[in-house]
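Contents: one structure, followed by commentary.
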Amino acid sequence: MPTLNTQVAIIGAGPSGLLLGQLLTKQGISNIILERVSGEYVLGRIRAGILEQGLVDLMREAGASERMDKEGEAHDGFEIAVNGKRTHINLQELTGGKTVMCYGQTEITRDLMAAREKARLQTYYEASDVELQNVKSDSPSVSFQYQGETYQLACDYIVGCDGYHGVSRKTIPEHVRTEFERVYPFGWLGLLSDTPPVAEELIYCKSERGFALASRRSTTRSRYYLQVPLTDSVEDWSDDAFWDELKMRLPNESAAKLVTGPSLEKSIAPLRSFVCEPMQYGKLFLVGDAAHIVPPTGAKGLNLAASDVATLTKILTRVYCDNDPACIEQYSAIALRRVWHGERFSWWLSSMLHNFGETAVSEIDNKTFERFMSSELEYYLANEEGLKVIANQYVGLPYEELY
Ligand code: APR
Ligand code: PHB
């Protein structure tokens, strides 16, 4: 049986695993990544495209920012439209100079993958049957199948970057784990097209027909979303039906300018809020979607994963460079504080912008909930203090230091 050795075993080569691997390598900490599917498959996933400054800085630190710095668009603001009435959120003015970057998550993954390959770091794609062993002991390990052989990987620490459906979280015994979850009664139907975007900035649209988002990837590529019932499937939505519905949810001036075209990709994603506590158990850490999911409103998913990576990099650097193994106990509390801020913001923005229809969402009836949330949105949009609250959370709260 082939045996391998490394300091940190990383499960999953999504953006979390790849970014962590890159940053640990910069600190001289060895790591091996195990990924269940092929690199090509990983790059087939289309996800959000708004990066907080914290993630932009990490990409630079990781030495993988060249294309992002060239092609990424700095966005100074975005719009919220309520039944066609538009409010501009000027991020730069409201936050004292902060902005976000518009650059697709798939491109982030592609750039990190290329950087890892260039540095000749070990990644096992199409590694199956990954199992975590002895995570509570001083000699944890991971076994997996690769090209017909069983491998054993010995390590000091294991990091679960294997997403919501991964194995790592389930390794934490049920009596130790608490999971928090809200499933929303609708999904987002996304469409990617090579058409010039309808606006230079993103437009989040609340409408009586449901939520819509006009986003973009470049001056020639658009990304749009529609709130749809969970019972809908992609086959129910022809491109024409998508464009017709989008026009009805966009403000009139935008609908009149909308350029339509064939879809490059169309998919439905359910909306979920999910947190697993704790995020560390023995020598195992959870990072990104393995520990938490947010609904996409506000684009916090990847940004929360990045703040976990930043915290864990600082911790493992202190473990190895300052010989302070006890500091791993700080991870869960520090990561979870920021995660819950992101969860609350994403839930709040989702609740204010979507149409909840007939489905029960809380202890109050839906009609009343809808009115409360509409009034809440109107209140925050009506004065500068309210806009600042939205803007400061949209650009992202600062990362916390270790103690
Ligand atoms: N063994 C090995 N790899 C696995 C396993 C397993 N048992 N299970 C899942 N994986 C891999 C998946 O194939 C995937 O490539 O782990 C990776 C997890 O990647 P993501 O789901 O992209 O999660 P993460 O890297 O945490 O990304 C953060 O931010 O915007 C959000 O949800 C969005 O994925 C995004 C997230
Ligand atoms: C996207 O561009 O895909 C996107 C942007 C902002 C969001 C969600 C998704 O809030």
Side-chain angles (χ1 to χ4, degrees), residues 9-21 33-52 55 73 75 78 80 100-109 112-113 123-132 142-146 158-171 188 190-192 197 201-205 211-218 221-225 265 267 269-272 274 286-309 342 345-346 349-350 353 394:
I10 299 174
I11 323 289
S16 298
L18 290 167
L19 181 60
L20 179 69
I33 301 186
L34 310 177
E35 166 58 55
R36 189 171 49 84
V37 297
S38 67
E40 211 176 305
Y41 189 94
V42 171
L43 290 175
R45 302 181 180 125
I46 313 273
R47 278 155 170 178
I50 291 291
L51 320 183
E52 294 174 3
L55 172 51
E73 302 176 336
H75 279 207
F78 67 95
I80 294 181
V100 291
M101 184 181 277
C102 185
Y103 187 69
Q105 179 176 327
T106 314
E107 303 317 308
I108 289 279
T109 310
L112 287 166
M113 235 178 218
T123 314
Y124 290 81
Y125 284 100
E126 300 184 77
S128 59
D129 301 318
V130 167
E131 275 179 37
L132 287 62
V142 185
S143 63
F144 62 100
Q145 297 284 324
Y146 182 70
I158 302 173
V159 188
C161 298
D162 47 352
Y164 181 67
H165 299 286
V167 288
S168 303
R169 184 177 68 251
K170 293 166 196 147
T171 306
W188 276 21
L191 181 147
L192 188 72
E201 294 180 342
L202 272 58
I203 314 176
Y204 291 81
C205 310
F211 171 79
L213 170 62
S215 183
R216 53 187 283 144
R217 291 290 176 269
S218 68
R221 183 167 283 191
S222 302
R223 180 73 169 158
Y224 297 106
Y225 296 94
E265 190 263 2
S267 53
L271 269 67
R272 184 191 302 276
F274 172 84
L286 300 180
V287 165
D289 278 17
H292 43 80
I293 300 285
V294 287
T297 332
K300 288 295 170 220
L302 178 60
N303 293 299
L304 288 181
S307 66
D308 294 350
V309 168
F345 178 64
S346 307
L349 211 53
S350 299
L353 292 173
Y394 196 85

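In what follows, residues are counted from 1 in the order of the sequence shown. Counting starts at 1 for both ligands and their atoms, following the listed order. Heavy atoms only: backbone and side chains are in, while hydrogens, waters and symmetry mates are out. For clarity, every value in this text was computed on a predicted model and none was experimentally measured.
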With a cut-off of 4.0 Å, which atoms of ligand 1 are near a heavy atom of [X]?
{"X": "I11", "result": "1 (N), 2 (C)"}
{"X": "S16", "result": "24 (P), 25 (O), 26 (O), 27 (O), 28 (C)"}
{"X": "G288", "result": "26 (O)"}
{"X": "G166", "result": "8 (N)"}
{"X": "V37", "result": "13 (O)"}
{"X": "L302", "result": "29 (O), 30 (O), 31 (C)"}

For this session: Tell me, with the steps shown, if R216 and E73 meet salt bridge (Lys or Arg N to Asp or Glu O under 4.0 Å).
Result: CA-CA 10 Å; R216 53 187 283 144; E73 302 176 336; 2.7 Å; yes
Seminar exercise, completed: Nearest non-hydrogen protein atom to atom 16 (O) of ligand 1, with distance, is D162 CA, 3.2 Å
Problem set entry | Protein heavy atom at shortest distance from atom 2 (C) of ligand 1 | R36 N, 3.3 Å
Report yes or no: does [X] contribute a side-chain atom to a donor-acceptor pair with the main-chain N or O of [Y] at less than 3.5 Å?
{"X": "R169", "Y": "A291", "value": "no"}
{"X": "N303", "Y": "L51", "value": "no"}
{"X": "T106", "Y": "R45", "value": "yes"}
{"X": "D129", "Y": "F144", "value": "no"}
{"X": "D289", "Y": "Y164", "value": "no"}

For a quick test of reading the model, state the closest non-hydrogen atom pair linking [X] to [Y] and the distance between them.
{"X": "A13", "Y": "L18", "result": "O-CD1, 3.3 Å"}
{"X": "E35", "Y": "G14", "result": "OE1-N, 4.1 Å"}
{"X": "V309", "Y": "S16", "result": "CG2-O, 3.8 Å"}

Problem set entry | Validation row: M113, V42 side chains within 4.5 angstrom (heavy atoms) |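 Heavy-atom side-chain distance check passes, below 4.5 Å.
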Exercise. Are any non-hydrogen side-chain atoms of H292 and R272 less than 4.5 angstrom apart?
Worked result: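 Not in contact.
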For this session: Test E52 against K300 for salt bridge (Lys or Arg N to Asp or Glu O under 4.0 Å), laying out the working first.
Result: CA-CA 9 Å; E52 294 174 3; K300 288 295 170 220; 2.7 Å; yes
Per-residue contact class, [X] against ligand 1 - non-hydrogen pairs under 4.0 Å:
{"X": "R47", "result": "side chain"}
{"X": "L34", "result": "backbone"}
{"X": "V42", "result": "side chain"}
{"X": "V130", "result": "side chain"}
{"X": "C161", "result": "backbone"}

Problem set entry | ligand 1 N/O within reach of E35 N/O, cut-off under 3.5 Å | yes
For this session: Output yes when the distance from some N or O of ligand 1 to some N or O of D289 is under 3.5 Å, and no in every other case.
Result: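 Such a contact does occur with ligand 1.
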Pairs under 3.5 Å, nitrogen or oxygen of ligand 2 with protein nitrogen or oxygen:
{"unit_1": "ligand 2", "atom_1": "2 (O)", "unit_2": "S215", "atom_2": "OG", "d": "2.6"}
{"unit_1": "ligand 2", "atom_1": "2 (O)", "unit_2": "R217", "atom_2": "NH1", "d": "2.8"}
{"unit_1": "ligand 2", "atom_1": "2 (O)", "unit_2": "R217", "atom_2": "NH2", "d": "3.4"}
{"unit_1": "ligand 2", "atom_1": "3 (O)", "unit_2": "R217", "atom_2": "NH2", "d": "2.9"}
{"unit_1": "ligand 2", "atom_1": "3 (O)", "unit_2": "Y225", "atom_2": "OH", "d": "2.5"}
{"unit_1": "ligand 2", "atom_1": "10 (O)", "unit_2": "Y204", "atom_2": "OH", "d": "2.7"}
{"unit_1": "ligand 2", "atom_1": "10 (O)", "unit_2": "P296", "atom_2": "O", "d": "2.9"}
{"unit_1": "ligand 2", "atom_1": "10 (O)", "unit_2": "G298", "atom_2": "N", "d": "3.1"}
{"unit_1": "ligand 2", "atom_1": "10 (O)", "unit_2": "A299", "atom_2": "N", "d": "3.2"}

Exercise. Should the ring pair Y394 and Y204 be called parallel, tilted or perpendicular, given that the plane angle runs from 0 to 90° and is split at 30 and 60?
Worked result: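 Taking Y204 first and then Y394, their aromatic rings stand perpendicular (interplane angle over 60°).
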For this session: Give me the ring orientation class for W188 and Y225: parallel if the planes are under 30° apart, tilted from 30 to 60°, perpendicular past 60°.
Result: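 Judged by the thresholds at 30° and 60°, the geometry between W188 and Y225 is tilted.
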Exercise. Given V167, L132, I10, L18, which one has a non-hydrogen atom that is nearest to atom 7 (N) of ligand 1?
Worked result: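 When every heavy atom of V167, L132, I10, L18 is considered, V167 comes closest to atom 7 (N) of ligand 1.
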Exercise. Heavy-atom contact under 4.0 Å between R45 and ligand 1?
Worked result: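 In this structure, R45 qualifies as a contact of ligand 1 - some heavy atom is under 4.0 Å.
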